[in-house]
Number of protein chains: 2
Amino acid sequence: MEKPEDPIPQRLRVLPSRLINQVAMSANRLVDQALAETGSRRYHYALLAALEEFGPASQAALGRRTGIDRSDIVATVNELAEREFVERNPDPGDRRRNIITVTPAGVQWLKELDRLLSQAQDELLTPLSSAEREQLIALLTRIADRHSASH
Amino acid sequence: MEKPEDPIPQRLRVLPSRLINQVAMSANRLVDQALAETGSRRYHYALLAALEEFGPASQAALGRRTGIDRSDIVATVNELAEREFVERNPDPGDRRRNIITVTPAGVQWLKELDRLLSQAQDELLTPLSSAEREQLIALLTRIADRHSASH
DNA sequence: CTTTTATCGTTAGTCGAGCGAACATTGGCC
DNA sequence: GGCCAATGTTCGCTCGACTAACGATAAAAG
């Protein structure tokens with residue numbers, strides 16, 4: 001009654017790069033949806049996380065730490081600044097730089113995002129046991145490391 | 001001498017959804033780059049694979065089998081038809097449909113893409129042993145299945 | 001000190017993937 | 001015959017990732 005279920009080609013079903021994309025899409029769907037209700041985007045979380053963990057930083061440094069392009073940092077900082085989660089101030093010691101600082105409200109917000117994201121991760125990984133989740137993370141980490149650091 | 005290597009926030013480093021995206025990006029880079037040299041794109045492979053495995057089909061059916069939106073199928077079929085890897089003919093039995101058929105050249109091309117993609121997969125999974133690769137695929141498959149089939 | 005080189009913030013614009021909306025044509029169903 | 005669903009197609013949107021350019025400033029080289 002609800003199974004027209006078209007078959008997926010074997011080649012595609014087992015192709016690692018495709019599997020990964022499939023899962024990435026699910027992950028993004030869950031995460032974006034969780035964040036959307038609060039008017040946030042993934043970049044917001046990344047930036048707040050970087051700021052909270054390493055303290056105030058220039059936009060360029062934030063870009064390097066989060067992997068976000070420096071041209072995209074601009075918009076993200078704008079959005080966060082509008083909601084007063086961060087402040088953008090010129091660096092007196094280097095007038096090329098802006099120093100970005102989290103506000104207390106920003107830290108609070110980060111905690112809220114932490115909560116939402118952790119729920120989303122759980123939903124994503126539902127079919128796996130905790131041991132399997134760690135396995136998966138370990139395997140993925142090794143691949144990610146190899147392809148960002150080395151090359 | 002070449003390690004400014006900015007640190008990545010802990011929160012991001014272990015966030016599964018982010019790890020997966022990271023790896024997906026590497027995968028796409030490798031795959032796209034392998035395909036680009038031949039003027040192909042991922043959709044081309046998906047379509048040819050579906051055709052070769054299940055035979056001639058309507059564009060809508062191809063969409064269902066590959067997960068490609070039917071509006072995107074149009075362009076993909078156009079591109080493949082231009083290079084004479086597929087043929088698009090009206091279905092005499094249902095005049096709403098086009099029947100897409102792989103040509104022998106298309107089958108040959110698919111084999112070439114198979115070769116290129118398999119290399120790319122290998123490059124992606126370099127840091128993993130074969131046992132680990134199977135583990136990874138198994139884990140990812142379970143997640144992907146859960147989130148596509150069951151909703 | 002001056003000239004070159006590099007970094008920073010910013011704007012604008014490209015590209016591909018994944019979609020939604022709309023529309024005309026055609027089929028199936030009652 | 002009349003209504004709803006499916007099909008092919010076009011148009012356009014959003015997002016993330018990225019490139020190119022520019023003016024300002026700083027640091028390095030001469």
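Contact footprint of chain A on DNA chain D: nucleotides with an atom under 4.0 Å from a non-hydrogen protein atom, first to last in 5' to 3' order, D:dG16 to D:dA26.
Residue-level contact check: A:Ser58 touches the backbone only, with heavy atoms under 4.0 Å from sugar-phosphate atoms and none from bases. When heavy atoms are screened at a 4.0 angstrom cut-off, B:Asp94 is found touching the sugar-phosphate backbone but no base atom. B:Asp72 comes within 4.0 angstrom of a base, heavy atoms only.
Here the shortest heavy-atom pairing between B:Leu51 and B:Ala57 reads CD2-N, 4.1 Å. Pairing each heavy atom of B:Ile8 with each of B:Arg13, the nearest pair is CG2-CG, 3.4 Å. The shortest non-hydrogen separation linking B:Thr66 to A:Arg18 is O-NH2, 2.8 Å. Contact record, B:Pro9 with A:Ala50: CG-CA, 3.6 Å, taken as the closest heavy-atom pair.
B:Ser40 places no side-chain N or O within 3.5 Å of a backbone atom of B:Ala36 that could act as its donor or acceptor partner. The backbone N or O of A:Pro127 sits less than 3.5 Å from a side-chain atom of B:Arg142, completing a donor-acceptor pair. One N or O on the side chain of A:Gln121 and one on the backbone of B:Ser17 form a donor-acceptor pair closer than 3.5 Å.
Residues A:Gly67 and A:Pro92 each lie close to DNA chain D; by heavy-atom proximity, the contact nearer the 5' end of the strand is made by A:Gly67. Positionally, the nearest nucleotide of DNA chain C for A:Arg64 lies more toward the 5' end than for the other of A:Arg29 and A:Arg64. For the pair B:Ile68 and B:Arg95, nearest-nucleotide mapping onto DNA chain C gives the more 5' position to B:Ile68.
The stretch residues 75-86 of chain A has no heavy atom under 4.0 angstrom from DNA chain C at all. Taken residue by residue, residues 11-26 of chain B places heavy atoms nearer than 4.0 Å to DNA chain D at B:Met25. Contacts between residues 31-54 of chain A and DNA chain D, counted as heavy-atom distances below 4.0 Å, involve A:Arg41, A:Arg42, A:Tyr43.
With sequence neighbours excluded, the residues forming a side-chain contact (heavy atoms from CB on, under 4.5 Å) with A:Ala105 are A:Phe85, A:Thr103, listed by chain and number. The side-chain contact (heavy atoms from CB on, under 4.5 Å) test applied to A:Arg29 returns A:Met25, not counting sequence neighbours.
Each of A:Leu110, A:Leu113, A:Leu117 was checked for a side-chain contact (heavy atoms from CB on, under 4.5 Å) with B:Arg11, and the lone residue meeting it is A:Leu110.
The local environment of CD in A:Glu112 is crowded, with over 12 non-hydrogen atoms from other residues, nucleotides or ligands closer than 6.0 Å.
In this entry the distance linking CD1 of A:Ile73 with P of C:dG9 reads 9 Å, nearest Å. We find that CG of B:Asp69 is positioned 10 Å from C1' of C:dA17, with the value rounded to whole Å. Whole-Å rounding puts the A:Ile100 CD1 to C:dT10 C1' distance at 13 Å. Taking atom CZ of residue A:Arg70 and atom P of nucleotide C:dA12, one finds them 16 Å apart after rounding to whole Å. With rounding to whole Å, B:Asn98 atom CG is found 12 Å from C:dT26 atom P. As rounded to whole Å, 13 Å separates atom P of C:dT7 from atom CG of B:Asp6.
Residues A:Leu15 and B:Leu125 fall into different hydrophobic clusters, defined by Ile, Leu, Val, Met, Phe, Trp and Tyr side chains chained together at heavy-atom separations under 4.5 Å.
Contact annotation: A:Arg88 side-chain N/O to C:dT10 OP1/OP2 distance is under 4.0 Å.
Interatomic distance, B:Thr38 OG1 to B:Arg115 CZ, rounded to the nearest 0.5 Å: 10.0 Å. Put simply, CG on A:Asp114 and CD on A:Glu52 are 8.0 Å apart, with the number rounded to the nearest 0.5 Å.
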